[in-house]
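For reference, the structure discussed in these notes is given below.
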Amino acid sequence: MQDLHKYLDKAQYEAVTTCDGPTLILAGAGSGKTRVLTYKIAYLLSKGVMPWQVLALTFTNKAAKEMNNRIAQLVDGDVTKHLWSGTFHSLFGRILRIESQFIGYTSNFTIYDQSDAQSLINTIIKELNLDSKVYKPAMVLSRISAAKNRLILPEHYQADGELRKADQLAGVPAVAEIYQCYKNRCRLANAMDFDDLLVETYRLFREHEEVRQRYLQRFTYILVDEYQDTNYVQHQIISQLTTPESCISVVGDDAQSIYGFRGARIENILNFTRQYPSAKVIKLECNYRSTGMIVGAANAIIANNKHQIPKQVFSNKGDGHVLQLFETASDKDESYRVAGEISRLNRQGISHNEMVVLYRTNAQSRSFEEAFRLKGIPYRIYGGLSFYQRKEVKDLLAYLRLIANPRDEEAFKRVVNYPRRGIGDTTVGKLKMASAEHSVPILQAAANPNVCNLTLSATTAKRLYEFAQRIMEYANLAQQGVSVCDLAKQILFAEGIHKDLEGEGSEGAAKIQNLEELIGAMAEMETEVREEQGIETLTLTEYLSRVSLLTDADQTDDGAPRVTLMTVHAAKGLEFEVVFVTGMEEGLFPAESSRFSNKELEEERRLFYVAVTRAKSYCILSYAKTRFKWGQFQYCSESSFLRDVPRKYFSASSDEHQVPFASRTSASSQQRVTTSSPSPSVVRPSSLVRLNSATVATTAASRPSTPLNISDIVQHERFGMGTVRELDGSGNGAKAVVDFQGVGQKTLLLSFAKLKVITRNE
């Protein structure tokens with residue numbers, strides 16, 4: 001074993017060599033958590049501990065593989081083959097196969113993945129004659145999974161009044177019955193899902209004391225990575241394998257507990273010393289990743305949380321650069337401002353690979369993708385699809401494509417049975433063939449199968465006719481001048497897409513956010529066309545032509561340096577030279593859902609802490625004063641979290657405009673400043689509502705032009721501050737070329753653009 005003093009600092013050395021009794025290793029951001037964990041296992045092995053006596057639990061296979069590789073470099077590589085090192089699911093699954101005789105399974109049981117489990121749930125829903133539009137397999141499986149992770153078995157679920165009441169309120173009272181059937185069918189098939197690997201392990205140890213004792217004595221040393229992310233059932237199993245005096249070492253950071261929505265319990269790490277009273281607490285407080293300014297700001301942020309284990313992280317890299325705050329006029333302005341800063345930093349020699357743009361929700365990626373494409377900045381979406389490649393976005397666009405072009409077979413196939421309306425693939429196949437043979441648009445064939453000599457059942461023919469009629473009515477609305485934005489909103493609710501997604505729980509909520517962003521982008525494009533070209537309403541065909549230029553720009557990763565776009569949740573564990581934390585607005589970050597829950601608010605603040613601590617050298621925060629939501633401008637206020645960051649961590653030259661919270665008191669942002677967002681102006685018809693085009697646009701003649709001079713400083717509600725460079729024309733045709741900060745030059749019709757003169761050049 002190498003000389004540990006050469007490779008570990010004082011706190012790390014103590015954490016590695018403390019092996020007697022329980023130990024809580026609080027590893028601050030960038031403090032070398034993985035290094036400590038691997039060196040500790042290597043240290044144990046070098047002291048004669050047998051590899052099969054060590055149980056090392058991680059959350060990902062990648063983390064387990066990395067840890068084993070590092071250990072192999074420190075000790076005899078063959079030793080790691082006998083280590084019990086891996087994820088909770090893989091190691092407990094291994095135990096279940098060994099002890100299968102005790103749990104009523106054979107050792108060759110099958111493990112169902114998410115797709116297998118949903119398929120079985122779907123089969124059960126059909127067998128129970130339940131409405132699959134109400135009992136969506138993904139939603140039902142999510143409720144069952146949440147129950148399992150709290151060790152609520154089917155028999156307990158049936159008897160739990162609160163759960164049954166919650167199901168009743170959600171309109172799915174039969175979940176308990178489905179859960180029981182699902183368990184029975186899994187057992188009959190000699191199969192388990194991923195949740196069962198944990199639940200059955202707990203049951204094995206609870207019901208068979210001799211088995212529990214065997215593993216309790218076998219695993220002399222237990223190490224758990226990312227302990228702040230453990231859920232209830234994982235914690236219970238660890239408790240079964242330990243006593244208050246066991247040699248258990250848990251590594252984690254309560255300040256980075258951000259997965260409460262997945263069932264993670266921060267209480268597990270906060271209460272560790274209560275469960276293990278003799279535990280030694282070792283704090284790794286030296287951050288080797290970030291500069292002093294970034295670490296200081298992060299400390300100030302997390303200090304506002306009440307429920308935490310105090311520690312004071314410090315940097316070994318000097319003060320470094322101060323943080324920056326971009327206050328922007330709109331989300332569009334924000335994306336251009338970030339793009340401009342990325343270009344500037346890249347010219348200074350920082351690779352695109354070393355830059356990341358973080359956002360709270362996936363929907364926010366859209367404006368950055370468009371700005372980066374326009375500016376020629378290469379990028380990649382981490383852990384997700386490009387905005388216009390997301391299914392829900394493509395679905396709504398497919399409706400618009402079919403409305404504009406009744407011959408669009410691919411669009412027809414995509415939406416004719418979405419949401420489900422009982423039109424199967426066989427029927428669609430027949431329609432395609434008949435349409436092609438008789439040279440009839442597929443939508444016309446659907447409306448009247450007789451035109452192509454196609455015979456269908458009365459029920460199917462009725463469903464197709466009703467669908468085709470609605471599409472044609474939408475087409476009439478488009479021809480009357482109804483805006484693309486209003487048309488999309490109408491489709492979203494009239495076709496039941498919104499309701500369908502609401503039934504998918506948290507995943508559906510994220511998809512609804514993406515559609516909200518899409519509709520906002522439509523309204524933004526319509527506004528730009530009015531201001532730049534004087535066209536009152538963007539036609540559906542023109543919109544689809546423009547958006548197609550965005551949807552075909554998906555890139556394959558050729559290994560070239562690219563800026564990363566990702567959610568803050570996905571960024572945990574990663575690091576970058578430059579980090580942009582965007583959308584720092586109340587109701588967005590922190591999320592609106594945390595408004596009335598201090599527990600959720602504290603998790604949101606931990607998420608902000610995680611975002612800032614991903615940065616090595618540069619951390620730039622940004623927010624927009626307006627955003628398009630549901631196709632309307634909504635004013636935003638800066639995040640209350642910004643008040644958690646003292647002014648000293650920002651540039652000394654920052655003025656009040658750049659740091660809007662600077663002159664305010666340092667009162668704790670536990671007292672939230674919130675602005676209620678108006679409900680989206682959305683038509684929710686049971687049948688189509690005809691809109692008069694006059695209601696969605698005003699005439700150019702009714703708008704007075706703004707007298708301007710060359711070099712005037714003006715304010716635009718979306719583009720922000722700009723300087724007038726050129727003036728041309730007169731009356732309603734008067735135009736101005738304005739150079740906006742970050743966005744660049746825009747040619748605007750003064751009769752449409754709402755420009756406010758800030759400084760006049762007489």
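The first residue in the sequence is number 1, and the count goes up from there.
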Taking everything shown except [X] itself, do over 12 heavy atoms lie less than 6.0 Å from its [atom1]?
X: Q213; atom1: CD; value: yes
X: Q101; atom1: CD; value: yes
X: R206; atom1: CZ; value: yes
X: Y215; atom1: OH; value: yes
X: H156; atom1: NE2; value: yes

Using a 4.5 Å cut-off on heavy atoms from C-beta on, say whether the side chain of [Y] contacts that of [X].
X: K33; Y: L284; value: no
X: L204; Y: L96; value: yes
X: D500; Y: K133; value: no
X: S119; Y: Y112; value: no
X: I144; Y: V140; value: yes
X: N305; Y: Q308; value: yes
X: M584; Y: V581; value: yes
X: Y105; Y: R97; value: no

At what distance, to the nearest 0.5 angstrom, does [atom1] of [X] lie from [atom2] of [Y]?
X: Q180; Y: E155; atom1: CD; atom2: CD; answer: 6.5 Å
X: L141; Y: Y182; atom1: CG; atom2: OH; answer: 5.5 Å
X: N149; Y: D195; atom1: CG; atom2: CG; answer: 4.5 Å
X: K136; Y: E502; atom1: NZ; atom2: CD; answer: 10.5 Å
X: L216; Y: I222; atom1: CG; atom2: CD1; answer: 7.5 Å
X: T60; Y: H89; atom1: OG1; atom2: NE2; answer: 12.5 Å

Between [X] and [Y], is there a donor-acceptor pair closer than 3.5 Å when you use the side chain of the first and the backbone of the second?
X: E604; Y: A591; result: yes
X: Q364; Y: T361; result: yes
X: E226; Y: F59; result: no
X: R164; Y: A159; result: no
X: Y259; Y: H569; result: yes
X: N271; Y: R274; result: no
X: E600; Y: R595; result: no
X: K511; Y: R390; result: no
X: R212; Y: Q240; result: yes
X: E638; Y: E586; result: no

For [X] and [Y], which I'm curious about, is there any donor-acceptor pair between the side chains at under 3.5 Å?
X: S246; Y: Y276; value: no
X: S278; Y: E245; value: yes
X: D225; Y: T58; value: no
X: D167; Y: Y157; value: yes
X: Q118; Y: S115; value: no
X: S239; Y: Q275; value: yes
X: Y232; Y: N268; value: no
X: S142; Y: S145; value: no
X: E392; Y: N514; value: yes

Which heavy atom of [X] sits nearest to which heavy atom of [Y], and what is that distance?
X: V251; Y: Q228; value: O-OE1, 4.4 Å
X: Y179; Y: A147; value: CE2-CB, 4.2 Å
X: S365; Y: F387; value: OG-CB, 3.8 Å
X: L57; Y: F88; value: CD1-CE2, 3.7 Å
X: I301; Y: R605; value: O-CD, 3.0 Å
X: K572; Y: Q256; value: CE-O, 3.1 Å

Is the closest basic N to carboxylate O distance between [X] and [Y] below 4.0 Å?
X: R470; Y: E495; result: yes
X: E162; Y: K165; result: no
X: K599; Y: E267; result: yes

- Query: Among T582, L358, I258, which one satisfies side-chain contact (heavy atoms from CB on, under 4.5 Å) with V568?
  - Reply: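 For V568, the side-chain contact (heavy atoms from CB on, under 4.5 Å) test succeeds with only one of T582, L358, I258, which is L358.
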- Can you list the steps and then say if R262 with D229 is a salt bridge (Lys or Arg N to Asp or Glu O under 4.0 Å)? CA-CA 9 Å; R262 293 182 188 169; D229 293 335; over 6 Å; no
- Apply side-chain contact (heavy atoms from CB on, under 4.5 Å) to the pair S90 and T87, showing each step before the final yes or no. CA-CA 5 Å; S90 65; T87 65; 3.0 Å; yes
- Message: Working note: E200 + F92, criterion side-chain contact (heavy atoms from CB on, under 4.5 Å); need CA distance, chi angles, decisive distance, verdict.
- Response: CA-CA 9 Å; E200 292 298 328; F92 293 155; over 6 Å; no
- Charged tip of K148 within 45° of F194 ring normal and under 6.0 Å: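 Checked: cation-pi criterion not met.
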- Might you work through the side-chain hydrogen bond (donor to acceptor under 3.5 Å, both in side chains) test for Y609 and N299, ending with a clear yes or no? CA-CA 8 Å; Y609 174 86; N299 286 343; 4.8 Å; no
- Mind checking what makes ring pair (Phe, Tyr, Trp, His ring centres under 6.0 Å) contact with F608, not counting sequence neighbours?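 If we apply the ring pair (Phe, Tyr, Trp, His ring centres under 6.0 Å) test to F608, skipping adjacent residues, the hits are F589, F641.
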- Show your reasoning for whether salt bridge (Lys or Arg N to Asp or Glu O under 4.0 Å) applies to E585 and R360. CA-CA 10 Å; E585 297 140 36; R360 180 64 182 81; over 6 Å; no
- Any chance you could lay out the side-chain contact (heavy atoms from CB on, under 4.5 Å) test for R627 and Q634, step after step, and finish with the verdict? CA-CA 5 Å; R627 282 186 186 271; Q634 291 190 9; 5.7 Å; no
- Task: Walk me through it: do L37 and M67 pass the test side-chain contact (heavy atoms from CB on, under 4.5 Å)?
- Result: CA-CA 8 Å; L37 204 56; M67 187 167 64; 3.6 Å; yes
